[in-house]
Amino acid sequence: MILLFDSDTVCLHWCKVEGENFSAGKCELRSNWIQAVAQDTNNFDKVEAIGYFLHHGGEIIKENTGFLSAENIKQLQNCVGFLPELNDITAKTAGYYMEKLPKIPHILLCDTAFFLDLPAEVSSYAVPYRLSDKGLRRYGRDGLLHQWASKQIKPLINKKPQKIICVYLDEHTNITAVKDGLPVESSMGFTPTEGILSGTSCGDIDPTIIFYLHSMGMPLGEINQLLSGQSGFMAILGEKTDLFDVISGKRNEKKDFAREIYLYNVIKYIGGFIPMLGGLDAIVFFSEKIEKFESLIVEICKKFQFLGLKVGDETNKSQQIWNFADKTSAINVFGMKSNKWQVMACQIQALLNQGAQK
Amino acid sequence: MNILVFNCGSSSLTYKVFRADNSENIKVTASGKAHRVGVTGTEPSFIKHKIGENVRKDIIPLKTHKDAAAFILKDLKDKIDIDFIGHRFVHGGNYFKGSSFVNDDTLKKLELCLPLAPLHNPVSLGVINECRRTLPDIKQYVTFDSAFHSRLPAVAFTYALPAVITEPMNYRKYGFHGLSYLNVLLETGRFLKTNPEKLKIIACHLGTGGASIAAIKNGHSIDTSMGYSPLTGLVMSTRCGDIDPMLTIYLMSTYGYRPDDLLDLLTKKSGLLGISGFSSDIRDILKNISEEDREQAEQAFSMYICRIRKYIGGYIAALGGADVLVFTDDIGVYNWQVREKVCQSMDWCGIALDNDANRIFNGQQIAGLSKENSPVNILCIPADEERVICLEGINLTNKTGDKSR
């Protein structure tokens, strides 16, 4: 059995993986949360390995999947500052279980490591280079899933080099470009706020507005909360609304506008990423709820007719990977259901197998 | 009729006098430029004039643009009968959707626009006031860089921030370089002998200071890279262009940067200057550079090119394909390396540059630089803001029927 951990700001989530069976649970992050989790997981037998999801590995954690050891746990602790509210949970959880179960493998899964391979002209911001010691770069997010998605469709594209755009349709839409397995673009930047607007975050804005707000007396913490917690769809619609509802829910004028601005930005990002790829072989859309986004995907694709992308009359859903494109289409379009626990488990299994071979 | 056009730069004031019978028949009869206006240093300020075939240089202290305008007006008013005076105003906000004659009402609105472009707008207003003082009987009009973008769709101009934040200050994308884009539109139509309103155009205004891109459809822009301020978009000579907005909060709260210092850093010390560490000028960066500077210089050039290409890709998608790609202003017109790199491996969207034609192009007049079979026409168009300001004046007088004064 493999045990997996991931956290958000409210809960520590865990998942037991036994073969094809996944059973998940969570524990609220109260003051004694580590004891509570320990109690939850105490009676699990035969824990063979534990995986910990790290949201932000800075420039320290360079592999997306790697063994934790007494020697390198320090590196994990050094990452806490990149995203204290989430990374601290990961570091504490790993510390606890490594001490409790010292004999089994402990594995760290880092969500930003994939993007350390972004080309320098993409990963950098055009600020004075003497600021580079302050860690100002594009870190991206959802690296494990984007790498997984690009690998899944690799066998379906008979091209060299492979030029793929991956679109993760989640609470926070995240778009990347992957060329021959390596990332070349990412919509999320230093933080996830850059890029496409989401449920509560603003996406790309003119940063001078921040200076105006601050000069009128708004404290920085409040501006931070405004841009990441009260903007995006929430600002347009006046209430917290998830992506699916914006796209498909009951219509009104504001919702139509939110949908329109979202679509426009997604289309602009996809187009904007093609030059780094030097062309486009496939777009792959993935989501935990991919079935909800079928009509959205078709609509996005129609905007790329000018590149020879043709949507088929019917989506072929006979396989795990759906195919939206017509046979005559110059560009492939795929849809896939993603499951973060599953991706984490696969990564761990692969690492363990590799270890066993050695 | 004779139209005198003033165009304020940050430390310069350009003027041109046009003899215009109609919009087809325009000739420059006098021109000049005041240099080093308001600049203190070892070299003095001066004005160069060219009236007919006469060229003259006056070395004269010029503390403000207003001083320069006063000197130019004094010089011109006995030599030429001026019918109209046209001005360029960088930012007209929501107050001006197009060019306008100067009257009491306009002046009030211009005052309201001053904070929108604190470096540029007050200077232009100073020149307008000087003209009113010296030549009170001559009708003046004002043109706006922001006006070309006044029809941006809401999906392009909206920042997804709460209305209580955006509405009081009208935080939205405005865009700049509008007169240059208007020139691009008119010249493209003239050169391709077609109605430019039927074309989908991507125009790159690459200046030695600011730079931006616009996507143009039905004769107006549908998106542009600069935003509420001219800071966003492309990597510029000293401006950072697009960054993660959170980065500013991080630097202030974690490293204690003072807001004014940080804004100054992003505006005046970033961009090509910041990345290269030695120059804000792409020509220096492309020159043979010393070994120690090479890596940073290459990075600066790659980032500059990469950002332009990203915008071209994004705008081609927004337009659903493009008919014309235009390069304009100094870097766009005089730098073949930039054009070559920007157009490299862009055949996926039909951009195919004729590399030989591109290299020998001298930048003197409008030219087509695409390969014969390139689906997208690639044009190089020298910028001429003063001419556009003059044309706007002719349009205004035609509209109001005020041809004589």
Side-chain angles (χ1 to χ4, degrees), chain A residues 120-122 124-131 134 136 138 185 189-191 193-194 197 202-215 220-221 223-224 226-228 230-233 235-236 257 260-261 264 267-276 278-280 303-307, chain B residues 154-156 158-163 165 169 171 173 223 227-229 231-232 235 240-253 255 259 262-263 265-266 269-272 274-275 277 296 299 302-303 305-307 309-318 320-321 345-346 348-349:
Chain A
E121 65 266 40
V122 173
S124 314
Y125 293 103
V127 294
Y129 79 102
R130 61 192 161 78
L131 291 181
K134 306 207 167 19
L136 308 182
R138 189 176 288 282
E185 288 276 14
F190 180 67
T191 72
T193 299
E194 190 180 355
L197 76 163
C202 60
D204 299 326
I205 60 161
D206 186 330
T208 55
I209 294 171
I210 292 171
F211 293 95
Y212 287 113
L213 293 175
H214 190 54
S215 72
L220 291 173
I223 300 175
N224 190 346
L226 173 81
L227 303 188
S228 59
Q230 295 159 36
S231 296
F233 297 141
I236 296 169
F257 178 63
E260 227 182 292
I261 194 170
Y264 181 69
I267 286 155
K268 229 170 32 167
Y269 263 96
I270 293 176
F273 284 0
I274 307 177
M276 263 320 269
L280 183 61
K303 298 284 181 182
F304 290 91
Q305 275 172 350
F306 76 99
L307 293 180
Chain B
V155 288
T158 305
Y159 296 131
L161 301 170
I165 299 291
M169 300 299 293
Y171 292 132
K173 177 181 280 190
D223 209 340
Y228 179 76
S229 76
L231 185 68
T232 66
V235 173
C240 60
D242 292 333
I243 56 167
D244 187 330
M246 292 304 201
L247 209 128
T248 60
I249 297 178
Y250 173 76
L251 285 173
M252 286 188 275
S253 54
Y255 290 96
L262 183 58
L263 188 56
L265 183 118
L266 297 176
K269 292 168 194 148
S270 294
L272 293 172
I275 314 163
Q296 292 309 323
Q299 168 75 348
S302 318
M303 283 185 72
I305 298 294
C306 179
R307 190 71 56 82
R309 288 165 58 89
K310 186 172 176 179
Y311 268 96
I312 291 175
Y315 286 169
I316 280 186
S345 311
M346 289 289 262
W348 60 272
C349 63

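Below, chains carry the letters A, B, ... as their sequence lines are ordered, and counting in each starts from 1.
If you tally non-hydrogen atom pairs under 4.5 Å between each of B:Ser302, B:Cys306, B:Ser229, B:Ala318 and chain A, the highest count goes to B:Ser229. Heavy-atom pairs under 4.5 Å with chain A peak, among B:Ala156, B:Gly227, B:Pro259, at B:Pro259. For the set B:Gln296, B:Met252, B:Met346, the entry with the most heavy-atom pairs within less than 4.5 Å of chain A is B:Gln296. With chain B as the partner, the residue from A:Gly232, A:Gly203, A:Gly189 showing the most heavy-atom pairs under 4.5 Å is A:Gly232. Interface summary for chain A: among B:Lys269, B:Gln299, B:Arg307, the most heavy-atom pairs under 4.5 angstrom belong to B:Gln299. Ranked by heavy-atom pairs shorter than 4.5 Å toward chain B, the options A:Ala235, A:Pro275, A:Pro207 are led by A:Pro275. The most heavy-atom pairs under 4.5 Å with chain A, out of B:Thr232, B:Leu247, B:Leu262, B:Leu272, come from B:Leu247. With chain A as partner, the option from B:Cys240, B:Ser345, B:Ala163 having the largest number of non-hydrogen pairs under 4.5 angstrom is B:Cys240. When each of A:Val122, A:Leu226, A:Ile223, A:Leu280 is scored by its heavy-atom pairs under 4.5 Å with chain B, the top score falls to A:Leu226.
At a 4.5 Å heavy-atom cutoff, B:Tyr311 makes no contact with chain A through either its backbone or its side chain. For chain A, the nearby part of B:Thr248 is the side chain; its heavy atoms alone come within less than 4.5 Å. Residue A:Glu185 touches chain B through its side chain alone, counting heavy-atom pairs closer than 4.5 Å. For A:Ser215, no part lies under 4.5 angstrom from a heavy atom of chain B. At a 4.5 Å heavy-atom cutoff, the contact between A:Ile210 and chain B is made by side-chain atoms alone. Using a 4.5 Å cut-off between heavy atoms, B:Ile165 touches chain A through its side chain atoms alone. In this structure, chain B has a heavy atom under 4.5 Å from the side chain of A:Phe273, while its backbone stays farther away. Proximity to chain B (any heavy atom under 4.5 Å) is shown, for A:Ile205, by both the backbone and the side chain. Proximity to chain B (any heavy atom under 4.5 Å) is restricted, for A:Leu131, to the side chain, taken from C-beta onward. There is no contact between B:Ile305 and chain A, counting heavy-atom distances below 4.5 Å. For A:Leu220, the parts sitting under 4.5 Å from any heavy atom of chain B are the backbone and the side chain alike.
Between the side chains of A:Tyr212 and A:Asp206, no donor-acceptor pair is found at a separation under 3.5 Å.
Put simply, the side chain of A:Arg138 does not reach to within 4.5 Å of the side chain of A:Ser124, judged on heavy atoms.
Checked against the 6.0 Å centroid threshold, B:Tyr171 and B:Tyr159 do not count as a close aromatic pair. Centroid-to-centroid, the aromatic rings of A:Phe190 and B:Tyr250 come within less than 6.0 Å.
Of all the heavy atoms in B:Asp244 and A:Thr191, the pair that sits closest is OD2-N, 2.6 Å. Of all heavy-atom pairs spanning B:Leu161 and A:Cys202, the tightest one is CD2-CB, 3.7 Å. What you find for A:Lys134 and B:Leu251 is that their closest heavy atoms are CD-CD2, 4.0 Å. Residues B:Ile275 and A:Ala126 share a closest heavy-atom pair of CD1-CB, 3.7 Å. Annotation for B:Asp242 and A:Tyr125: closest pair O-CD2, 4.1 Å, computed over non-hydrogen atoms.
Residues that satisfy the side-chain hydrogen bond (donor to acceptor under 3.5 Å, both in side chains) test with A:Lys268, not counting sequence neighbours, are B:Asp223. Every residue two or more places apart in sequence or in another chain that forms a side-chain contact (heavy atoms from CB on, under 4.5 Å) with A:Phe306 is listed here: A:Phe304, B:Ile316.
The 12-atom threshold is exceeded at NZ of B:Lys173, counting heavy atoms of other residues, nucleotides or ligands nearer than 6.0 Å.
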